[in-house]
Amino acid sequence: MHKLWLQSFSNEMPLLNSPEEVARWELSQFHDASFSVCLRPEMGDGFEIDGDIITGGPTGVLYGAYTALFSSLTGKKHLKMRSEPAYRLRMLDFWDNLDGSVERGYAGRSLFFDHGGLHYDPQRIRFLARLLASCGINAVCINNVNVLFEAQRLMEDLLPDVAELAGLFRPFGIRLMLSCDFALPIRHGLPTADPLDQTVQDFWRSIAEKIWNAIPDFAGFVVKADSEHRPGPFTYGRSHAEGANMLGDAVEPFGGVVVWRAFVYNCQQDWRDTTTDRPKAAYEHYMPLDGAFHDNVLLQIKNGPFDFQVREPISPLLLSLRKTHLALEFQLTQEYTGHQIDIYSMPGLFSETFAQIPRGQLSAVAAVANIGRDDNYVGHPFAALNLFAYGCMAWQPDLSPRQVTELWCHLTYPSLSASCEEKLVQLLMDSREIYEKYTAPLGLCWMVNPGFHYGPSPDGYEYQSWGTYHKADRNAVGIDRTAQGTGYVLQYPPEIQKRYADPAVCPDHLLLFFHRVPYQAVMSDGRTLIQRIYDDHFEGCEAVDAMSQTLCQIAPSLPEDDSRVCLDRMEKQKLNAREWRDVVNTFFHRLSGADDAKGRKIYD
Ligand code: GCW
């Protein structure tokens, strides 16, 4: 099996019982360095490295061990440092179903489930846990937030199996979570799931008690309620604070948390309705509830106000809630960003997002996993960077994208020459902007094929009910979200409003997110909008060809399997880029009638 960034690590780890034992064992395997470990329980996740002495809390020693080993593998000896995580809870959310399918999964079937129950290779789970611990992740939610009917059994007859799985993660400092169905009481014969009903409250308390009896270090629940047809408190005329607090109270005696997702919007919008603007929804729902959530409830908010599009502004809700514990949610699985066929590296996204959120504003970070049963766990070998970088940056958000990319390359491909490594680092660093250019640049979202979300379909979502419109006509494209338009921009703090509200200062990559712009409008660099759309698509596609050439130079130095998978997927990425270029350019050419100033081929 593939070892991802633990290439230089031994495969033979015996069964161990605690993070401290894992730390000691990992360190003992490296003969050119000899570390000693000193446990200081009060340090928790934190650690100190002073030369060859690692001091840390019960989990801290583990993180200290990986940090020390990674440093020594990259040639840095005699560290003197102290570290603790920026966020206490660093979650990975799997969207895995009990039949073994993975919602939006591009790395094979589920590592946890099959045939309606738990079904896994313990060796692979332990290795996964080791990978996750090595980059600082400390909680995994194993089942899809869309809790399909049979997944409710995880809290019922399958609980002993879940407990066994929890035992495999435990020595790596990783706690389990489950997504729960708000309507679970009804399945058990209760007439209602109303959060203010005493029998419902008692029901959830008894569920919590059973779970914590089986799994004493269980971390808590993740809940998708009143979102995309999932049940929730709205059915009973209750607020999301009432719903979340009821669950919060049920898990409180056990020290558990409830992670309540803020992905709530009207998914049955009439496209004719111009008074509803989907990106405004989460803020409208949750701002009035600021301060109403109990202390053990975390509101989990996606990084952008839509849904993990190629480029979105930061969610205004993340900046504005003051009295609510917040978790930021990223999506590692590349639903809208190339299905782990196209290369799209996310360290830049993580870094930009963290940089915009004031310190202290977040309590937790979560990411939707990009993991499955494929040999390399992530489908495309380079997609492992996104997992690694997420973990590292959830610990230390001010790590630079280059630093983390270099570290990943070095650990994953230790035998690459310095020049190959530099080429690979640059390729990965550029990949996000390139993908953006050939797909939907300038803040144009939702031009993907509906449902499947790979490949172009500029009008695919235009007349659907999902609230995802660009309204391209023969003169202009984009939605006016300023005060004169939908007013979305007013959800931001004043200094950020200023940056976005004026098209003259709005960053190009978000221009069409905030503004409706005529094709002939002149952009800051002197080009017309239509020319810029054409240029981006041609350039993005050319950049993929260049990327492919670079990959061909690096490939002979990669392990054979990686090389084969990367080259094979690059051929698909090239076709995808070409398809996007031609479909989007033709779409706008037909509408606008404007020719490409450079005379390149745009199909009729
Ligand atoms: O983007 C949408 C996805 C759904 C997903 C949902 C969510 C799990 O297309 O597949 O459902 O987001 O985040 O809940």
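Scope of the values below: all heavy atoms of this structure, side chains included, with no hydrogens, waters or symmetry mates. Counting starts at 1 for both ligands and their atoms, in listed order.
- The closest donor-acceptor contact from the side chain of R569 to the backbone of Q340 lies under 3.5 Å.
- Listed by chain and residue number, the protein contacts of ligand 1 are W95, E103, R104, N144, V145, N146, K224, E228, R261, F263, K302, D307, E335, Y336 (heavy atom within 4.0 angstrom).
- Not a single donor-acceptor pair under 3.5 Å links the side chain of Q152 to the backbone N or O of V147.
- In this view, F382 and H380 satisfy the ring pair (Phe, Tyr, Trp, His ring centres under 6.0 Å) rule, not counting sequence neighbours.
- In this structure, the side chain of S101 does not engage the main chain of N97 through any donor-acceptor pair within 3.5 Å.
- Tested against N143 for a side-chain contact (heavy atoms from CB on, under 4.5 Å), the candidates V222, D96, L154, D93 yield a single pass: L154.
- The closest donor-acceptor contact from the side chain of Y438 to the backbone of E436 lies at 3.5 Å or more, if one exists at all.
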